[in-house]
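Every chain is numbered from 1 and lettered A, B, ... according to where its sequence line falls, protein lines coming before strand lines.
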Protein chains: 2
Amino acid sequence: MHRSDLYASSTAAQGGALAGLAMATPASQHAEARLNGQRIAEALRLLSTTVDVQRRIVRAGDTVYQTGQRFSHLYILNSGIFKLLSLSADGREQVVGLKFRGDWMGFAGIAKGHYACDAVAMDTGEVWAIRYDTLLAACARQPELMVLLHEAMSAEIVRERESVLSLCTLPADARVADFISYWADSLASRGLRTDQITLCMTRAEIGNYLGLTLETVSRALSKLVRERLISFAQKGRRDISIPDIGLLRSYAQRGQTAAGHTLQ
Amino acid sequence: MHRSDLYASSTAAQGGALAGLAMATPASQHAEARLNGQRIAEALRLLSTTVDVQRRIVRAGDTVYQTGQRFSHLYILNSGIFKLLSLSADGREQVVGLKFRGDWMGFAGIAKGHYACDAVAMDTGEVWAIRYDTLLAACARQPELMVLLHEAMSAEIVRERESVLSLCTLPADARVADFISYWADSLASRGLRTDQITLCMTRAEIGNYLGLTLETVSRALSKLVRERLISFAQKGRRDISIPDIGLLRSYAQRGQTAAGHTLQ
DNA sequence: CGAGTTATTGATGTTTGTCAAGTCTAGTGG
DNA sequence: CCACTAGACTTGACAAACATCAATAACTCG
């Protein structure tokens with residue numbers, strides 16, 4: 001195990017409490033994915049019928065808001081993939097989040113009245129913009145809208161914590177494996193194919209997101225290929241096949257090739 | 001500079017957009033702190049008058065909720081300091097957040113219906129529990145309550161991103177300096193003294209929070225003392241004096257001792 | 001086809017983790 | 001009040017992981 005495992009004493013007692021996190025079987029995962037995809041579709045429908053949304057088509061590289069701009073709208077991704085770029089006062093730049101269909105963008109702007117990062121499209125897609133003040137008003141009238149909004153913010157907090165966990169506890173190879181698993185899961189939970197995925201990010205961007213250099217990312221990918229956990233499509237090295245997502249995930253979690261990931 | 005600075009090309013153009021993040025002068029910082037402290041007091045007053053809160057005194061080590069428990073309440077810290085402990089399915093344990101007076105806890109539970117981490121008190125304090133369903137109902141009646149809630153969730157997202165930024169872009173020493181600055185800022189923005197602060201965490205916990213080992217934390221602290229950026233109180237090594245928070249902050253940001261942090 | 005970007009791979013150096021003393025502190029019981 | 005002890009902390013020596021530097025290959029787009 002990597003780094004501090006000092007709290008081992010308290011973990012044993014909580015095995016029971018973790019029951020809610022028990023691994024789903026492949027079958028139930030698939031059902032869950034469809035359910036999740038439906039939930040997203042429903043959420044989008046609810047939004048488009050209850051509040052005024054401005055739809056906008058974006059192409060790779062387009063920005064829907066920038067750091068420091070006055071906060072006014074929240075954005076929901078109908079299709080495409082976005083990255084959130086945070087830039088610190090001293091010029092460090094960091095990919096702090098990835099967004100897929102159904103995800104909201106701009107939450108961080110609510111607290112301070114200014115957007116806290118740049119939202120940049122990584123391929124073509126469609127974004128819906130919603131004025132925050134009108135959304136608030138709609139939420140007051142329509143409780144289910146408020147619930148939707150809270151769940152989205154909560155999910156973002158959860159995801160961000162998973163990032164921290166990965167950054168703090170996993171070695172480079174596992175972090176890259178975890179990243180690919182996350183990407184695949186994100187697609188899967190939206191009902192998209194995951195046996196062949198296209199990472200629309202350069203090695204440098206992946207490295208930045210994972211706190212690694214581009215060379216380390218490249219080496220990690222090569223290693224994953226050698227271990228047959230992933231493989232590249234014939235042409236190009238952006239298209240990745242994942243023969244067994246479970247194997248990849250357990251590699252990420254244990255930081256090594258796991259024999260029999262289906263064991264409890 | 002540490003690690004990838006690949007996006008330098010795009011940063012220059014956005015200097016203007018960053019105007020909202022311009023550094024405050026010490027005087028305005030102090031005013032801001034008082035304002036912030038008042039805002040927290042006001043928020044607590046609003047809550048206690050509009051919704052039913054259960055108050056509970058906690059001592060160091062007490063837990064107000066645990067990973068996997070069914071989500072039902074949100075919690076607000078009236079006093080004391082909490083840590084949030086996330087434990088992954090495979091047993092990795094991670095401090096994913098620190099909470100001070102006025103902070104909310106439990107947001108991550110909204111999305112999945114179960115708490116996503118343990119909330120553990122690090123010293124004595126008072127927590128207010130609020131049923132989430134009654135809070136939702138109150139929010140629908142009372143828009144200012146909803147705004148309050150959204151701002152709190154947004155602030156948590158912002159803070160979490162700052163963590164990621166620190167983890168990904170700063171070397172060990174700077175990360176520790178950044179951590180101490182963050183702690184001091186957290187106290188300052190609540191109107192508390194910051195020239196002498198008590199970190200109620202062991203080196204192991206700090207290391208876990210920062211993705212470092214306890215030895216590295218210890219060495220970093222020793223180095224900060226050598227560089228006169230901090231100093232320990234006579235007895236014990238938990239009480240830290242910060243002669244100049246600005247110097248410490250610029251050390252964190254530049255990753256080295258900065259001459260003249262007041263320069264633009 | 002050729003220029004420029006992106007990716008891979010190797011050689012080397014630095015940072016940080018690991019292991020191992022040893023010190024300090026607070027708390028316990030004689 | 002004074003050992004005694006257990007946990008927290010510090011420091012050094014060494015090893016491992018990762019960053020850096022550099023050379024080359026592959027792909028993209030004109």
Take B:R175 and B:D173 through the test salt bridge (charged side-chain N to carboxylate O under 4.0 Å, His left out) and record every step on the way to the result. CA-CA 5 Å; B:R175 235 181 282 175; B:D173 298 337; over 6 Å; no
Checking A:N78 against A:R55 for the side chain to side chain donor-acceptor pair (under 3.5 Å) test, could you report, in this order, the C-alpha distance in whole Å, the side-chain angles of both residues, the deciding distance, and whether it holds? CA-CA 9 Å; A:N78 182 56; A:R55 288 153 212 253; over 6 Å; no
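When distances are taken from the side chain of A:P171 to each of D:dA8, D:dG12, D:dC18, the shortest belongs to D:dC18. Distance from the side chain of B:T216 is smallest to C:dG17 among C:dG17, D:dA19, D:dT20. Here C:dG17 is the nucleotide among C:dG17, D:dG12, C:dT9 with the atom lying nearest to any side-chain atom of B:L212. Closest to the side chain of A:R238, out of C:dT6, D:dT20, C:dT8, is C:dT6. The listed nucleotides are C:dG17, D:dT20, D:dT10; the one nearest the side chain of A:T213 is D:dT20. Considering only the side chain of B:T202, D:dC9 comes nearest among C:dG17, C:dA20, D:dC9. Distances from the side chain of A:S218 to the nucleotides C:dA20, C:dA7, D:dC21 place C:dA7 closest.
Atom CZ in B:R237 sits roughly 6 Å away from atom P in C:dT25 (whole-Å rounding). Regarding B:F232, its CZ atom lies at a distance of 19 Å from the P atom of C:dT23, rounded to whole Å. As rounded to whole Å, 16 Å separates atom C1' of C:dT9 from atom NZ of A:K223. Put simply, CZ on B:R219 is 14 Å from C1' on C:dT14, counting in whole angstrom units. To the nearest angstrom, C1' of C:dT6 lies 13 Å from CG of A:L221. Across the protein-nucleic acid pair, A:L214 atom CG and C:dT8 atom C1' stand 10 Å apart, rounded to whole Å. Spacing between atom CG of B:L224 and atom P of D:dT10 amounts to 12 Å, rounded to whole angstrom units. One can place CZ of B:R203 at 16 Å from P of C:dG17, the figure rounded to the nearest angstrom.
Between the side chains of A:T63 and A:D118, no donor N or O sits under 3.5 Å from an acceptor N or O.
Here the options are B:I230, B:D239, B:I180, the test is side-chain contact (heavy atoms from CB on, under 4.5 Å), and the partner is B:I197; only B:I180 passes.
Checking the phosphate oxygens (OP1, OP2) of D:dT11, a side-chain nitrogen or oxygen of B:S222 falls inside 4.0 Å.
Under the ring pair (Phe, Tyr, Trp, His ring centres under 6.0 Å) criterion, the residue pairs touching residues 182-204 of chain A are A:F100-A:W183, A:F179-A:W183, with sequence neighbours excluded.
The shortest side-chain heavy-atom distance between B:F232 and B:S241 does not fall under the 4.5 Å cut-off.
Across the interface with DNA chain D, nearest-nucleotide mapping of A:E215 and A:A172 shows A:A172 to be the residue nearer the 5′ end.
Each end of the helix from C:dC1-D:dG30 to C:dG30-D:dC1 gets its own axis from five base pairs, and the two axes differ in direction by 40°, given to 10 degrees.
Listed by chain and residue number, A:R193 satisfy the side-chain hydrogen bond (donor to acceptor under 3.5 Å, both in side chains) test with A:D195 (two or more places apart in sequence, or in another chain).
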